[in-house]
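Only one structure is covered here, and it is reproduced in the block below.
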Amino acid sequence: MLQDLIMSVERGHLRLYVKGWPINIYPQVVYFRGHTPDFKMDGEVTILRHLEKMGCRVVNRLQPMLRCINKFWTLQELAGHGIPVPDSLSYGGYLGMQELIELGESRLSYPLVVKNTRGCRGNAVFLAGNKGQMLEIQHVLKMDTPYLFQQYIKESHGRDVRVMVIGGQVVASAKRISQGGRLQSNFSQGSLPELYPLDESGRNLASRVSEILGMDICAIDLLIRDDGSFCVCEVNSNPGFIPLGKTCNLDIHSLIARHVISFLQNPGNCNNN
């Protein structure tokens with residue numbers, strides 16, 4: 001557990017302690033599992049930086065994980081690479097809420113998807129069908145974490161495709177279908193999964209997104225358009241994979257383990273670039 005680790009710089013060298021006991025032989029590879037939307041710069045980020053500086057190959061590496069902790073950061077990384085994503089806007093400071101709403105109306109038009117840039121599991125996601133509904137939820141826009149306004153892909157309402165990518169290869173994909181007309185199709189929101197093999201274009205898109213972001217392991221959520229094409233909704237660097245594995249009758253745990261072990265078998269792959 002991260003809270004068991006104590007870092008130090010002693011005589012110009014980095015050291016690590018576990019529950020007060022010094023570690024003399026450091027791990028070559030560290031597979032990190034955590035709730036990335038809650039990453040703290042002076043907490044998890046500092047510890048993972050320390051491990052990487054000590055020469056540990058962290059899976060996923062820190063910088064790729066940071067690209068995915070904020071939904072708008074992910075869109076910034078994908079922009080300019082020809083990756084289809086919904087038109088979106090966000091903010092860094094607190095401009096007037098009325099000005100923000102008006103800009104969203106003019107650039108994207110209603111209905112608008114409004115979601116927390118660090119939200120997860122389908123929480124803090126709203127669909128504003130008109131200005132009245134937008135004004136009803138404007139109080140959430142004043143919270144510490146910014147929100148983003150996003151183009152509504154009507155034909156993908158309540159359904160998307162969850163794609164698991166390991167080592168740049170698509171290993172599993174399933175359609176998630178919401179219940180009761182919900183917009184969100186997350187497994188944690190009670191959506192029903194069904195096997196959904198991707199065609200070549202979908203597989204290439206998911207692999208390309210993983211490559212651009214520098215991910216070892218990730219889950220990519222694809223929205224489905226009427227013509228059968230996809231656009232990228234979100235990328236998760238620490239995804240849950242049990243429901244997906246059951247749907248695809250696949251032991252994803254073992255696939256991840258083999259990929260992590262490959263860094264031990266091929267030390268040349270353990271650089272942190």
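None of the values given here were measured: they were computed from a predicted structure.
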For this session: Report the distance from atom CG of Leu78 to atom CD1 of Ile212, rounding to the nearest 0.5 Å.
Result: 5.5 Å
Problem set entry | Heavy-atom pair of closest approach, residues Ile224 and Phe230 | CG1-CE2, 4.1 Å
Exercise. Between the side chain of Ser229 and the main-chain N/O of Asp227, is any donor-acceptor distance below 3.5 Å?
Worked result: no
For this session: Report yes if some heavy atom in the side chain of Pro239 is under 4.5 Å from a heavy atom in the side chain of Arg162; otherwise report no.
Result: yes
Problem set entry | Distance-minimising heavy-atom pair for Leu213 and Arg67 | O-NH1, 2.7 Å
Exercise. Just wondering, do Asp160 and Leu222 contact through their side chains at under 4.5 Å, heavy atoms?
Worked result: no
Problem set entry | Sidechain-backbone polar pair: Ser90 side chain, Tyr147 backbone, donor-acceptor under 3.5 Å | yes
For this session: List the steps and the verdict of salt bridge (charged side-chain N to carboxylate O under 4.0 Å, His left out) for Arg203 and Glu200.
Result: CA-CA 5 Å; Arg203 297 174 71 88; Glu200 184 178 2; over 6 Å; no
For this session: Return yes if some donor-acceptor pair links the side-chain N/O of Ser237 with the main-chain N/O of Cys218 below 3.5 Å, else return no.
Result: no
Exercise. Do Met164 and Val170 have side-chain heavy atoms sitting under 4.5 Å apart?
Worked result: no
Exercise. Is there a side-chain contact between Met215 and Cys68, using heavy atoms and a 4.5 Å cut-off?
Worked result: yes
Problem set entry | Rounded distance (nearest 0.5 Å) linking atom CD1 of Ile6 with atom CH2 of Trp21 | 12.5 Å
Exercise. Looking at SG of Cys231 and CG of Asp87, how far apart are the two atoms once the value is rounded to the nearest 0.5 Å?
Worked result: 9.5 Å
Exercise. Tell me, do Tyr152 and His157 make a side-chain contact under 4.5 Å, heavy atoms counted?
Worked result: yes
Problem set entry | Donor-acceptor under 3.5 Å (Glu52 side chain, Leu48 main chain) | no
For this session: Assess whether atom CD of Gln3 is packed by more than 12 heavy atoms of other residues, nucleotides or ligands within 6.0 Å.
Result: yes
Seminar exercise, completed: Between the CZ atom in Arg107 and the CD atom in Gln151, the distance rounded to the nearest 0.5 Å is 12.0 Å
For this session: Check whether any side-chain N or O of Ser156 sits under 3.5 Å from a backbone N or O of Leu223 as a donor-acceptor pair, and report yes or no.
Result: no
Problem set entry | CA sep, side-chain torsions, deciding dist, call: Thr247, Glu194, side chain to side chain contact (heavy atoms under 4.5 Å, CB included) | CA-CA 6 Å; Thr247 302; Glu194 64 179 42; 5.6 Å; no
Seminar exercise, completed: For Tyr110 and Ile101 the tightest heavy-atom approach is OH-CG2, 4.0 Å
Exercise. Hey, mind stepping through Leu264 and Arg57 against side chain to side chain contact (heavy atoms under 4.5 Å, CB included) and telling me if it holds?
Worked result: CA-CA 9 Å; Leu264 292 174; Arg57 176 54 157 88; over 6 Å; no
Seminar exercise, completed: Heavy-atom nearest pair, Arg61 first then Gly214, reads NH2-O, 3.2 Å
Exercise. Are any non-hydrogen side-chain atoms of Val171 and Val165 less than 4.5 angstrom apart?
Worked result: no
Problem set entry | Heavy-atom side-chain proximity of Val30 to Val59 below 4.5 angstrom | no
Seminar exercise, completed: Distance col, row Arg49:CZ vs Leu62:CG, nearest 0.5 angstrom, shows 7.5 Å
Exercise. Are Val85 and Leu89 linked, directly or through other ILVMFWY residues, by side chains that come within less than 4.5 angstrom of each other?
Worked result: no
For this session: Supply the atom-to-atom distance Leu112 CG to Asn130 CG, rounded to the nearest 0.5 angstrom.
Result: 10.0 Å
Exercise. Quick one: do Met54 and Ile47 end up in the same hydrophobic cluster if we chain Ile, Leu, Val, Met, Phe, Trp and Tyr together by side-chain heavy atoms under 4.5 Å apart?
Worked result: yes
For this session: Before giving the answer on side chain to side chain contact (heavy atoms under 4.5 Å, CB included), spell out for Asp216 and Ile166 the whole-Å C-alpha distance, their side-chain angles and the decisive distance to 0.1 Å.
Result: CA-CA 6 Å; Asp216 297 303; Ile166 301 176; over 6 Å; no
For this session: Taking the side chain as every heavy atom from C-beta outward, state whether Asn238 and Phe32 have any atom pair closer than 4.5 Å.
Result: yes
Exercise. Does a side-chain N-to-carboxylate-O contact under 4.0 Å join Arg176 and Asp221?
Worked result: yes
Exercise. Is the CG atom of Asp4 crowded by more than 12 outside heavy atoms at less than 6.0 Å?
Worked result: yes
Exercise. Should Tyr17 and Leu5 be regarded as members of a common hydrophobic cluster, given that ILVMFWY residues are connected when their side-chain heavy atoms come within less than 4.5 Å of each other, either directly or indirectly?
Worked result: no
Problem set entry | Linked, directly or transitively: Leu195 and Ile220 (ILVMFWY side chains, under 4.5 Å) | no
Problem set entry | Heavy-atom pair of closest approach, residues Cys56 and Pro27 | SG-O, 3.0 Å
For this session: Locate the shortest heavy-atom distance separating Tyr31 from Arg33; write the atom from each residue and the value.
Result: OH-CD, 3.3 Å
Exercise. Does Asn204 offer a backbone N or O that forms a donor-acceptor pair with the side chain of Ser207 under 3.5 Å?
Worked result: no
Exercise. Looking only at atom types and distance, does a side-chain atom of His50 sit under 3.5 Å from a main-chain N or O of Arg15, one as donor and one as acceptor?
Worked result: yes
Exercise. In terms of hydrophobic clusters joined by side-chain contacts under 4.5 Å, are Ile217 and Val235 together?
Worked result: no
For this session: Starting from the C-alpha separation in whole Å, work towards a yes-or-no answer on side chain to side chain contact (heavy atoms under 4.5 Å, CB included) for Gln133 and Phe126.
Result: CA-CA 10 Å; Gln133 293 178 356; Phe126 310 93; over 6 Å; no
For this session: Answer yes when Glu234 and Lys115 have at least one side-chain N-carboxylate O distance shorter than 4.0 Å, and no when they do not.
Result: yes
